[in-house]
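Written below as structure tokens is the structure these notes are about.
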2 protein chains.
Amino acid sequence: MAGRRPTVYDVARQAGVSIATVSFAFRRPAEVRAETREAVLRAAQEIGYVPSASARGLAQRRTGALGLHSFEYLLDRPQGLTEGAVPLQVADLDLDQDVVSWDQLGPGAVSGPAAFPLYVDEVQRGFELEARRHGRPVLVGRSAESGGDVTETAGRVDGLAIFPGRAAERLVREVRLHMPVVVFGSPPDDDPHHHVLADNRGGARELVRHLVTVHGLSDLAFVGSQAPWDLRERFFGMRGELEALGLPAPDEVCDDTDLVDGATFDGVRALVTSGRLPHALVCGSDQVALAVLELLAREGVRVPEDIAVTGFDGILAGRLGAVPLTTVAQPMEAMGRVAVHLLMGAGDEGGRVVRLGTRLQVRRSCGCSRPPTS
Amino acid sequence: MAGRRPTVYDVARQAGVSIATVSFAFRRPAEVRAETREAVLRAAQEIGYVPSASARGLAQRRTGALGLHSFEYLLDRPQGLTEGAVPLQVADLDLDQDVVSWDQLGPGAVSGPAAFPLYVDEVQRGFELEARRHGRPVLVGRSAESGGDVTETAGRVDGLAIFPGRAAERLVREVRLHMPVVVFGSPPDDDPHHHVLADNRGGARELVRHLVTVHGLSDLAFVGSQAPWDLRERFFGMRGELEALGLPAPDEVCDDTDLVDGATFDGVRALVTSGRLPHALVCGSDQVALAVLELLAREGVRVPEDIAVTGFDGILAGRLGAVPLTTVAQPMEAMGRVAVHLLMGAGDEGGRVVRLGTRLQVRRSCGCSRPPTS
DNA sequence: TTGTACGCGTTATCAC
DNA sequence: GTGATAACGCGTACAA
């Protein structure tokens, strides 16, 4: 297994040719005599030659790979929708047993509700699928919100898609990467990057229209931090639709909790204890909505009987709880695919903005008993 | 955006130092005078310097990344559990519209039942999480079952985990990669690779015990190709437990359909039309089980009233159908994490076998009405 | 502390 | 068709 990795020189010696011929045999097989080619390939096979992507990348000035970098705020527990989820500590396991029993693995081992793919994961899925269609390997990099790490990822790829996360929006705007860059869900400023985003305002408006016109709810409150641009857009969308419907719109969100470990949701909690609940809590994202559902359940508030709750994103976890979540779905796989498409478009010079439509997904948490769509 | 990428030479010139100093400023900041370091970093920032991983990898003889390569049989439609799923064709989209409406995206856009993460995806998730804990970027490569592509992935990483898929087992055994390698779910032969696998026999036995002792079912039939090693193990496990319980065990599977596009399941179909159904269909994997459930539903056979159906793996999709699937869950996230752990263990020389325990997940499809576990 | 020079394994441009 | 040989950008002895 170990030992020095064989190089073109080793193959050349083994086959009795020069390194140029070896390179040709691999890259332009047609321009090499058949027997020489055979000999080279056989030699390579025998000694276990694996071309070094580093050397190739250096010589060609391109790596051939595409990158996807996420800035994450829940760094080592992205798998947990709720607090307290402890990732599996592999180092603590005794792997030499005959069978490492399930019980030793703890909750981090299984696809429980805490292990569903989140927003980023579902977009990543589309990214990987599309990249594979182009024959490109994908490099997945993740980091906390410091800037250095993104160049770490960037150095390995020919094009990069970025999830700026909660607070890296400015950082991403400033970084200069000298390669095609796609930014997800971030305001399309005058930066040189491509932008792929969902129609946040439109989606929020459609959702609000449903709550108002179908369920007759008029007193809506928004839950979710206003730091990320897309959540602000959703709040604006909600206000815009309320006004368009002739209803009073709140000036502020009722709870701007940031979804970090141990988020308390004081605003929602205050509403509950005051006993003056609004008709609906419009949450800025599915993850926020799921946390709110959990909180309400603990407090004995029934959804949707006592109050409606909605999300935004359309992640799988929303379908699976005791109260399936009404939400605005983003076309996550499509967003990932579009990002690859933009990165592969060598011609254009960046700065494109692709806005994808959303779809209202009516489930139980808004009060619909027999959802028209699943 | 475009233009030549800045190098250490550019930074050095800009900062008025030598390239060695630039390199030091990044890699051993302590050994460089503070002001020089500042100057270098500022210069780098200004001109948008991104270190080339290719050059670095070449110089250090290691890339710093870990790889995960899957051989897949459903190459461009891994998202579909059923046939006919057509992936989104990004190239056909007009991305210059104000908003690309949802309807233009087609079914490939959304997390529908056809977009759930499959076995490979869930293991990959654990792999990525653990890799990030070690600060390693992950390179995801996928290919059909030809051998060349795996070296393509291998050339880019310091350690590689491989899903051999349906038929690449032998190929993987023969390839010599000169780096730590982990193989998932493949027989632990005398190859130099590490192996991470689930306790297939044990899991199958526990499942059969449940069917026999709790539900009183005795006539069990196995569904699923016997080409992959782990499916064979599961069939052996089933037979072993039946014999241990004093029941007759089938010599052969009742249907060895390979799960490819347009799989017909003639064996199952024959049982249905003959009217002589066994008590239970023990399927070799969840994906097979879900396809069988679909077939039975079309044929008007009720599950679990007319027949019990079980799976193996524990993928999310199994929880979500009309009839939630009783299955044997593998600790998929844990398997991914363990793989990284092994790849990072520089000391040992390969050939370790880690077998992880499974867990019976009782849901509706076996006939349990109020599942003891979710 | 900082600079010079060589090596890392490929690709590609030339001669032959 | 094949063989020398010069980049490619960075790390790092070694020298200064």
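Both backbone and side-chain heavy atoms feed into the values below; hydrogens, waters and symmetry mates do not. Predicted, not measured: the structure shown is a model, and the values here were computed from it. Chain A is the first sequence line, chain B the second, and so forth, proteins listed ahead of strands; every chain is numbered from 1.
- Using a 4.0 Å cut-off between charged side-chain N and carboxylate O, A:R142 and B:E128 make a salt bridge.
- Mapped onto DNA chain C by nearest heavy atom, A:V50 and B:A30 fall at different nucleotides, with B:A30 at the one closer to the 5' end.
- Using a 4.0 Å cut-off between charged side-chain N and carboxylate O, A:D158 and A:R62 make a salt bridge.
- Counting non-hydrogen atoms under 4.0 angstrom, A:V17 reaches the backbone sugars and phosphates but no base.
- Residue B:Y9 places its side chain closer to D:dC10 than to any other of C:dT13, D:dC10, D:dA4.
- At whole-Å resolution of the value, CZ in B:R56 and P in C:dG9 are 18 Å apart.
- Atoms CZ (A:R156) and C1' (D:dC10) sit 14 Å apart, rounded to a whole Å.
- When the P atom of D:dG11 is taken as reference, atom CG of B:L58 falls 11 Å away, rounded to whole Å.
- The CZ-P distance, from B:R4 to D:dC8, rounds to 9 Å in whole Å.
- As a whole-Å value, the separation of A:R28 CZ from D:dG3 C1' is 15 Å.
- When the side-chain nitrogen and oxygen atoms of A:S18 are compared with OP1 and OP2 of D:dG3, one or more of them lie within a distance under 4.0 Å.
- Atom pair A:E31:CD and C:dA12:P shows a separation of 11 Å (rounding to whole Å applied).
- The side chain of A:Q60 sits closest to C:dA12 out of D:dG11, D:dG9, C:dA12.
- Going from atom CD1 of A:I19 over to atom P of D:dC8 covers 17 Å, rounded to whole Å.
- Checked by atom type, the side-chain pair B:R125/A:Q124 shows no donor-acceptor distance below 3.5 Å.
- A salt bridge is defined here as a Lys NZ or Arg NE, NH1 or NH2 lying under 4.0 Å from an Asp or Glu carboxylate O, and A:R352 with B:D96 meets this definition.
- In this structure, of C:dA12, C:dG9, D:dT12, it is D:dT12 that holds the atom nearest to the side chain of B:A20.
- Nucleic acid contact for B:T36: sugar-phosphate only, since backbone atoms but no base atoms lie under 4.0 Å from a heavy atom of the residue.
- Per the geometry, CZ belonging to B:R37 stands 10 Å off P belonging to C:dT2, to the nearest Å.
- Rounded to the nearest 0.5 angstrom, A:L343 CG and A:H134 NE2 are separated by 9.5 Å.
- For B:R27 and D:dG11, the shortest distance from a side-chain N or O to OP1 or OP2 is below 4.0 Å.
- Looking at heavy-atom distances under 4.0 Å, A:F26 makes no contact with the nucleic acid at all.
- Note on A:R61: a side-chain N or O is less than 4.0 Å away from OP1 or OP2 of D:dG9.
- Using a 4.0 Å heavy-atom cutoff across all strands shown, B:S52 reaches sugar-phosphate atoms only and no base atom.
- Side-chain N/O atoms of A:T21 include none lying less than 4.0 angstrom from OP1 or OP2 on D:dG1.
- Distances shorter than 4.0 Å separate none of the side-chain N or O atoms of B:R33 from OP1 or OP2 on C:dT1.
- Residues A:H195 and A:H193 approach most closely at CD2-O, 3.3 Å, considering heavy atoms.
- Distances shown here put a side-chain N or O of A:Y49 below 4.0 Å from the OP1 or OP2 atom of C:dT10.
- Between A:S23 and C:dT11 there is a side-chain polar atom (N or O) within less than 4.0 angstrom of OP1 or OP2.
- Between C:dG9, D:dT5, D:dT2, one nucleotide has an atom nearer to the side chain of A:F24 than all others, and that is D:dT2.
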